[in-house]
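Here is the structure we will look at, set down as structure tokens.
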Amino acid sequence: MHEKISKTRGKNAPTLDAEAMLEWYDRSARTLPWRVGPQARAEGVLPNPYFVWLSEIMLQQTTVPTVGKYFAAFTSQWPTIFDLAAAPRDDVLKAWAGLGYYARARNLHACAQVLVEEHNGIFPASAEELQKLPGIGPYTSAAIAAICFDEQVAVVDGNVDRVVARYTALDKPVRDQKPFVREVVARSVPKRAGDFAQSLMDLGATICAPKRANCLICPIAQNCAGRKSGAPENYPVAAPKKPKPQRFGHAFVVQNQRGEIFLRQRPEKGLLAAMTEVPGSEWIGDRTEPAFPFTGDWHKRGTIDHVFTHFALEVTVWFIQSDTPPTETGWWQPRDTLTGEALPTAFKKVLQKALK
DNA sequence: AAGGCGGGGAA
DNA sequence: TTCCCAGCCTT
């Protein structure tokens with residue numbers, strides 16, 4: 001059974017029961033700020049492509065609860081794509097600060113400007129065209145095309161990977177089986193492509209969850225190979241994971257007589273690109289002595305720990321009261337306005353530790 | 001094809 | 001702790 005499925009690229013590929021999925025979705029769809037529910041959709045209400053796009057970008061590798069506040073803040077500050085395109089990029093980075101994967105924010109702003117300048121602010125209605133835009137890849141293009149325009153494309157995200165891997169009892173890491181998963185979904189997409197896509201994501205989020213497959217209430221348990229195996233949680237097969245290296249560094253928090261803190265902007269490329277930071281050392285694999293930017297009465301305030309995607313970081317936090325700028329470029333920021341800056345979480349921790 | 005790129009909630 | 005989330009881009 002497994003062998004046949006895994007080799008298949010055509011007619012023998014299994015399909016998902018779209019009818020059962022849609023019937024379940026009509027009863028159980030999650031209510032989300034950017035979503036037009038199945039009832040309203042049936043009555044002809046169309047989703048706002050700007051909201052759908054914005055939410056999809058925010059939801060890349062990010063959970064629904066985390067996105068909630070950011071989505072509300074963005075749509076309040078920039079109600080339309082034209083507002084967002086006209087905003088200074090730094091304002092967008094400030095609003096994105098804390099959400100992570102900051103390339104998304106830079107691409108979001110660039111995409112808004114392309115859409116306004118080259119498409120009259122109108123979203124292309126096909127996945128193929130959407131994928132040409134910055135920050136929009138295979139998943140997001142398909143999601144927007146399906147949800148907004150009911151294009152019958154396969155929308156495959158992490159949830160769908162898991163659902164299909166279980167449904168077919170896929171015996172290889174799903175990461176290497178994208179074409180197979182896409183094929184299964186593509187063969188299943190009904191006319192109501194948008195609702196179907198969202199039903200699959202809701203199923204993955206609420207029933208076919210990572211560590212618990214609630215088969216008793218699953219609308220497609222009937223033909224699920226994972227359920228039949230007796231241990232659906234065995235799927236998807238886990239890919240080997242790499243150890244996370246530890247890095248160390250120092251941060252130098254300087255406060256002047258007016259109570260302002262010295263900040264600077266990070267480079268345009270690389271980690272936390274173009275975001276705001278506290279001056280400090282490089283982050284390397286060994287603990288080193290601090291190379292203070294100038295001599296003075298530096299106070300050690302302790303360390304903070306932070307985990308990035310590919311390494312863990314320990315920063316020793318130093319504080320000094322001085323009017324000397326620690327670096328060539330940068331600026332003095334009033335303490336009570338720090339929260340509005342484009343500070344990634346690691347630097348918010350640094351400042352919290354230094355100023356407590 | 002592989003690696004860089006955040007952060008937080010759930011178990 | 002570990003997992004992994006409505007992924008994309010660069011090399």
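Because the structure is a prediction, the values reported are computed rather than measured. Sequence lines set the chain letters: A, B, ... in the order given, protein chains first and strands last, and positions in each chain run from 1.
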*Could you state whether A:Ile304 and A:Val254 fall into the same hydrophobic cluster, counting links through intermediate Ile, Leu, Val, Met, Phe, Trp or Tyr residues with side-chain heavy atoms under 4.5 angstrom apart?*
no

_Length of the line joining A:Glu277:CD and B:dG6:C1', which is rounded to integer Å_ = 16 Å

_Protein within reach of the bases, or only the backbone? For nucleotides 3-11 of chain C, mark each nucleotide 5' to 3' as B, S or -, using heavy atoms under 4.0 Å._
SSBBBSS--

Side-chain donor-acceptor pairs of residues 336-345 of chain A under 3.5 Å, sequence neighbours excluded:
{"from": "A:Thr337", "atom 1": "OG1", "to": "A:Gln333", "atom 2": "NE2", "distance (Å)": "2.7"}
{"from": "A:Thr337", "atom 1": "OG1", "to": "A:Pro334", "atom 2": "O", "distance (Å)": "2.8"}

*Residue whose nearest DNA chain B nucleotide is more 5′ - A:His306 or A:Arg175*: A:Arg175

Could you list the donor-acceptor pairs under 3.5 angstrom formed between side-chain atoms of residues 276-288 of chain A and any protein atom two or more places apart in sequence or on another chain?
{"from": "A:Glu277", "atom 1": "OE1", "to": "A:Arg266", "atom 2": "NH1", "distance (Å)": "2.8"}
{"from": "A:Glu277", "atom 1": "OE2", "to": "A:Arg264", "atom 2": "NE", "distance (Å)": "2.7"}
{"from": "A:Glu277", "atom 1": "OE2", "to": "A:Arg264", "atom 2": "NH2", "distance (Å)": "3.2"}
{"from": "A:Ser281", "atom 1": "OG", "to": "A:His250", "atom 2": "N", "distance (Å)": "2.8"}
{"from": "A:Arg287", "atom 1": "NE", "to": "A:Glu314", "atom 2": "OE2", "distance (Å)": "3.1"}
{"from": "A:Arg287", "atom 1": "NH2", "to": "A:Glu314", "atom 2": "OE1", "distance (Å)": "2.9"}
{"from": "A:Arg287", "atom 1": "NH2", "to": "A:Glu314", "atom 2": "OE2", "distance (Å)": "3.3"}

*Any donor-acceptor N or O pair under 3.5 Å, side chains A:Asn107, A:Arg104*: no

*asked:* When you compare the side chains of A:His306 and A:Lys349, does any donor N or O come within less than 3.5 Å of an acceptor on the partner?
replied: yes

_A:His310 side-chain N/O to B:dG4 phosphate OP1/OP2 under 4.0 Å_ = no

*Write down the distance between CZ (A:Phe311) and C1' (B:dG6), rounded to a whole number of angstrom.*
10 Å

*Are any of the side-chain nitrogens in A:Lys178 or A:Asp161 under 4.0 Å away from the carboxylate oxygens of its partner?*
yes

*Using a heavy-atom cut-off of under 4.0 Å over every strand shown, decide if A:Leu272 touches base, sugar-phosphate, or nothing.*
sugar-phosphate

*Quickly work out the A:Leu313 CG to B:dG7 P distance and round it to whole Å.*
11 Å

*If you measure from the C1' atom in C:dC4 to the same atom in B:dG6, how many Å do you get, rounded?*
13 Å

*With P as the reference atom in both, quote the distance from B:dA10 to C:dA6 in angstrom, rounded to an integer.*
12 Å

